[in-house]
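All heavy atoms count here, side chains included; hydrogens, waters and symmetry mates do not.
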Amino acid sequence: KIQYHGVSGPAMPYDERYTRYIKQAGLLPWIQLVSRSTPNLNAPLVSALADRWRPEMHSFHLRTGEMTVTLEDVSLITRLAIDGMPLCMSTDSDGWREQMIALIGMAPIEAEADVEEGEEPKKKERKAAGAAFTWIQANFAHCPADATDDVIQTHARVYMWYVVSRTLFPDSTRARTPHRCG
């Protein structure tokens, strides 16, 4: 099962038609890894490692010496590539809806502020740029059986964005996906 860092809700289903595009992006081994059930954790071992973690040094202090987890270690464990072109867009949040429309053909509509006649508009609540996981699931959870290749490719792109966002980069609300990983 995919581990979601506290994000609630059902997982978006995987469609075998996405495989070709996920493979092209270099994410197929990682998607397969996070989609399988996770092994049982050895609670005493995890507890012992947590006790020996030193955040100021970003390393474990063990009886045999110091151990630092490197980017290569993370790559070997997660099967994510650490070289090549990045998959993310600009991190500037201006124009994120236009970027999303260019990549997947649609973007969530910004809710209008409730304003009574004769009142001043209320100050809008600041929200992070990106789509709610519920919006993604409502619009892309199931790829139509008669979908064209372009539609399948779009659904595969959204699926990758969804899985990467929920497993590696959830925002602080755990309800939205950052726009920049689309």
Worksheet item: Got M160 and W30 here, is their nearest side-chain heavy-atom distance under 4.5 Å?
Response: no

Worksheet item: What's the spacing between H142 NE2 and Q137 CD if we round to 0.5 Å?
Response: 9.0 Å

Worksheet item: Say you draw a straight line from CD1 of I31 to OG1 of T19; how long is it, rounded to the nearest 0.5 Å?
Response: 10.0 Å

Discussion item. Between D51 (side chain only) and A48 (backbone N and O only), is there a donor and an acceptor less than 3.5 Å apart?
Written reply: no

Worksheet entry | Side-chain touch W161/I104, heavy atoms, less than 4.5 angstrom | yes

Worksheet item: Is V151 reachable from V158 through a run of I, L, V, M, F, W or Y residues, each pair having side-chain heavy atoms under 4.5 Å apart?
Response: no

Worksheet item: Roughly how far, to the nearest 0.5 Å, is OG1 of T154 from CZ of R157?
Response: 5.5 Å

Worksheet item: Can you tell me if NE2 on H61 sees more than 12 non-hydrogen neighbours from other groups inside 6.0 Å?
Response: yes

Practice prompt. Sequence neighbours left out, what passes ring-ring contact (aromatic ring centres under 6.0 Å, His included) with Y21? Give chain and number order.
Written response: none

Worksheet item: Shortest non-hydrogen contact from P13 to A141?
Response: CG-O, 3.3 Å

Practice prompt. Could you note down all residue pairs passing salt bridge (Lys or Arg N to Asp or Glu O under 4.0 Å) where residues 136-150 supplies at least one of them, sequence neighbours left out?
Written response: R20-D149

Practice prompt. Kindly compute the distance separating CE (M12) from CD1 (I136), expressed to the nearest 0.5 Å.
Written response: 7.0 Å

Fill in: Within residues 23-32 or reaching into it, pairs that qualify as salt bridge (Lys or Arg N to Asp or Glu O under 4.0 Å) - sequence neighbours excluded
none

Practice prompt. Mind checking the CG-CD spacing from L103 to E98? Nearest 0.5 Å is all I need.
Written response: 12.0 Å

Worksheet item: Same cluster or not: are V69 and L76 linked, directly or through other Ile, Leu, Val, Met, Phe, Trp or Tyr residues, by side-chain heavy atoms under 4.5 angstrom apart?
Response: no

Discussion item. Within the 4.5 Å heavy-atom criterion, are C143 and R17 side-chain neighbours or not?
Written reply: yes

Item to complete: Given ring-ring contact (aromatic ring centres under 6.0 Å, His included), test F140 with Y159 step by step and report yes or no.
Response: CA-CA 8 Å; F140 294 97; Y159 182 82; over 10 Å; no

Worksheet item: Which heavy atom in T68 sits nearest to a heavy atom in S59, and how many Å separate them?
Response: OG1-CB, 3.5 Å

Response to the item:
The single option from Y18, F133, Y14 that satisfies ring-ring contact (aromatic ring centres under 6.0 Å, His included) with Y162 is F133

